[in-house]
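The structure displayed is predicted, hence computed values, not measured ones. For this chain, numbers begin at 1 and follow the sequence in order.
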Amino acid sequence: MRKPMIAAIAFAALLGSLPGAGAQTYPSRPITMIVPLAAGGSTDIIGRLMAEGMRTALGQPIVVENVTGAGGTIGVGRLARSTPDGYTIGIGQWGTNVANGAIYPLQYDLLADFEPISLIATQPFLIVSRKTLPADNLTGLISWLKANADKASQGNSGVGTPSHVSGILFQNAIGARWQMIPYRSAGQTLNDLIAGQIDVALDTPATSKPHLAAGTIKAYAVTARNRIAMAPDVPTTDEAGLPGFYFSFWHAIWVPKGTPKDIIARLNNAARTALADATTRQKLIDLAQEIFPRDQQTPQALAAFQKAETEKWWPIIKAADIKPQ
């Protein structure tokens, strides 16, 4: 009796060591998705949409955990230190997974210490202001900012975030400087903009949309070549008087370095399935997201894209002398 039992145990061990064996049983419990920025911002909103969409394909819930602070570096650092078993994944974006490497002294390498899963979507900003600001178009806003640079203020979601870097580039484009005020999230920025505590912001369509509809903030331009469907009356920067000022930022999913390839494949399939789902796609489109084509939703495509973005943006960010506060 002992020999058949020993043989069975050995055979089971052999099966467990074969490539793909882990993926056959993965996932067997809930997965955690780290969102490195605060609740209410576009990264949080998109992360929750993807978590729900991927749940169906994986057959397990994905629990969203907001791990915030230092422009997203704390949350991304948590992901880097997580066990590479597929049970901790992270959503990030241009700021957390490109720009921060040129701004913060990181304890991890944004390209070498993570495994890419999939690109998700990209989006532009809206240039917005408090509703009482005495400017009705972008050229009027620029004139007001130049004339009131000593007292004007602009909110952002923290040092190194897209809203911060794009704000610096906006200042460079019009040749003026005013106070930049970092917040912990886009939601907090908008709260103070609505309350009139700050004057302007560059904000995502996703978070600005309800406030534009309510008339509690003004929108002057979209930082893209084309108008967006959710705000068709808002002109592009080309149309509004600041030609060539474009800024869009993207989101994607990563896991810690060393995650098994078969698990990466399962997660990539789940992400692509979510992005192909009609309900998920429409929700993203309603938030002014431009979903990456299916052939760019591979781990290899994300790796190449992130590397190219790093090579493009690091010199620009360093030249702007953006420092942690």
Side-chain angles (χ1 to χ4, degrees), residues 35 37-49 52 64 66 68 93 121-145 148 151-158 161-164 166-167 170 178-224 226-237 239-242 245 247-249 251 279-290:
V35 175
L37 298 169
S42 63
T43 303
D44 177 69
I45 294 169
I46 294 169
R48 292 177 189 276
L49 285 176
E52 178 59 25
V64 172
N66 297 88
T68 65
Q93 35 98 313
T122 187
Q123 65 184 335
F125 274 124
L126 294 175
I127 300 173
V128 296
S129 81
R130 56 181 169 84
K131 69 175 183 180
T132 56
L133 195 142
D136 295 322
N137 52 50
L138 184 60
T139 54
L141 174 65
I142 291 171
S143 296
W144 185 89
L145 287 168
N148 296 275
K151 58 184 179 183
S153 59
Q154 179 173 338
N156 60 66
S157 300
T161 59
S163 58
H164 177 230
S166 62
F170 181 50
W178 51 86
Q179 185 181 15
M180 300 287 283
I181 302 176
Y183 291 83
R184 292 182 63 86
S185 71
Q188 292 178 0
T189 303
L190 279 179
N191 286 340
D192 269 11
L193 190 69
I194 292 166
Q197 299 299 311
I198 56 174
D199 298 308
V200 295
L202 271 75
D203 188 49
T204 63
T207 50
S208 289
K209 181 179 179 179
H211 307 294
L212 289 173
T216 53
I217 61 174
K218 293 181 178 181
Y220 296 93
V222 57
T223 61
N226 300 307
R227 296 193 183 199
I228 56 176
M230 64 157 288
D233 295 332
V234 179
T236 67
T237 44
E239 296 170 326
L242 193 61
F245 182 73
F247 191 94
S248 294
F249 75 99
H251 284 85
T279 299
T280 302
R281 290 183 67 86
Q282 191 58 53
K283 287 179 179 179
L284 289 169
I285 291 168
D286 288 344
L287 296 173
Q289 300 294 316
E290 182 179 348

>> Does any part of the side chain of Leu133, heavy atoms only, come nearer than 4.5 Å to the side chain of Val200, both counted from C-beta?
In response: yes
> What pairs with Gln188 under side-chain hydrogen bond (donor to acceptor under 3.5 Å, both in side chains), at least two apart in sequence or on another chain?
Replying inline: none
>> Going by the rule side-chain hydrogen bond (donor to acceptor under 3.5 Å, both in side chains), which residues pair with Arg184 if we only count those two or more places apart in sequence or in a different chain?
In response: Thr68
>> Does Phe245 form a side chain to side chain contact (heavy atoms under 4.5 Å, CB included) with Leu138? I'd like the steps, not just the answer.
In response: CA-CA 12 Å; Phe245 182 73; Leu138 184 60; over 6 Å; no
> Which pairs count as salt bridge (Lys or Arg N to Asp or Glu O under 4.0 Å) when at least one residue sits in residues 125-135, sequence neighbours excluded?
Replying inline: Arg130-Asp199
>> Ser166: which residues meet the side chain to side chain contact (heavy atoms under 4.5 Å, CB included) condition with it, sequence neighbours left out?
In response: Phe125, Leu202, Phe247
>> Going by the rule side-chain hydrogen bond (donor to acceptor under 3.5 Å, both in side chains), which residues pair with Asp192 if we only count those two or more places apart in sequence or in a different chain?
In response: Tyr183
> Taking only residues two or more places apart in sequence or in another chain, which ones pass salt bridge (Lys or Arg N to Asp or Glu O under 4.0 Å) with Asp233?
Replying inline: none
>> According to salt bridge (Lys or Arg N to Asp or Glu O under 4.0 Å), who are the partners of Arg281, at least two apart in sequence or on a separate chain?
In response: none
> Would Thr189 and Ile198 satisfy side chain to side chain contact (heavy atoms under 4.5 Å, CB included), going step by step from the backbone distance to the final call?
Replying inline: CA-CA 8 Å; Thr189 303; Ile198 56 174; 3.9 Å; yes
>> How long is the straight-line distance from CG of Leu37 back to CG of Asp44, given to the nearest 0.5 Å?
In response: 9.0 Å
> Does the side chain of Ile217 reach to within under 4.5 Å of the side chain of Ile194, using non-hydrogen atoms?
Replying inline: yes
>> By the definition side-chain hydrogen bond (donor to acceptor under 3.5 Å, both in side chains), identify the one residue from Lys283, His251, Gln123 that meets it with Gln289.
In response: Gln123
> Can you find a heavy atom in the side chain of Ser163 that is under 4.5 Å from one in the side chain of Ser157?
Replying inline: yes
> How far apart are the C-alpha atoms of Leu126 and Thr204, what are their side-chain angles, what is the distance that settles it, and do they pass the side chain to side chain contact (heavy atoms under 4.5 Å, CB included) test?
Replying inline: CA-CA 6 Å; Leu126 294 175; Thr204 63; over 6 Å; no
>> Working to the nearest 0.5 angstrom, can you tell me the gap between Thr216 OG1 and Leu190 CG?
In response: 8.0 Å
>> Would you compute the distance between atom CD of Glu290 and atom OG1 of Thr122 and round it to the nearest 0.5 angstrom?
In response: 7.0 Å
>> Holding to salt bridge (Lys or Arg N to Asp or Glu O under 4.0 Å), I want the full list of residues that pass it with Lys218, two or more places apart in sequence or in another chain.
In response: Asp136
> Under 4.5 Å between any side-chain heavy atoms of Thr237 and Tyr220, yes or no?
Replying inline: no
> Looking only at heavy atoms, which two atoms of Asn66 and Arg48 are closest? And how far apart?
Replying inline: OD1-NH2, 3.1 Å
> Can you name the side chain to side chain contact (heavy atoms under 4.5 Å, CB included) partners of Glu239, sequence neighbours left out?
Replying inline: Arg227, Pro235, Thr236
> How would you list, by chain and number, every residue that makes a side chain to side chain contact (heavy atoms under 4.5 Å, CB included) with Asn148, sequence neighbours excluded?
Replying inline: Trp144, Lys151
> Are Met180 and His164 close enough, and set up right, to give a side chain to side chain contact (heavy atoms under 4.5 Å, CB included), and what steps lead you there?
Replying inline: CA-CA 8 Å; Met180 300 287 283; His164 177 230; 3.9 Å; yes
> What are the two closest non-hydrogen atoms of Thr207 and Pro210, and how far apart are they?
Replying inline: O-CD, 3.7 Å
> By side chain to side chain contact (heavy atoms under 4.5 Å, CB included), which residues pair with Ala288, not counting sequence neighbours?
Replying inline: Pro205, Ile228, Met230
>> Could you measure the distance from the CD1 atom of Ile181 to the OG atom of Ser153? Nearest 0.5 Å is fine.
In response: 4.5 Å
>> I'd like to check the side-chain hydrogen bond (donor to acceptor under 3.5 Å, both in side chains) partners of Ser208; sequence neighbours left out, ordered by chain and number.
In response: Asp203
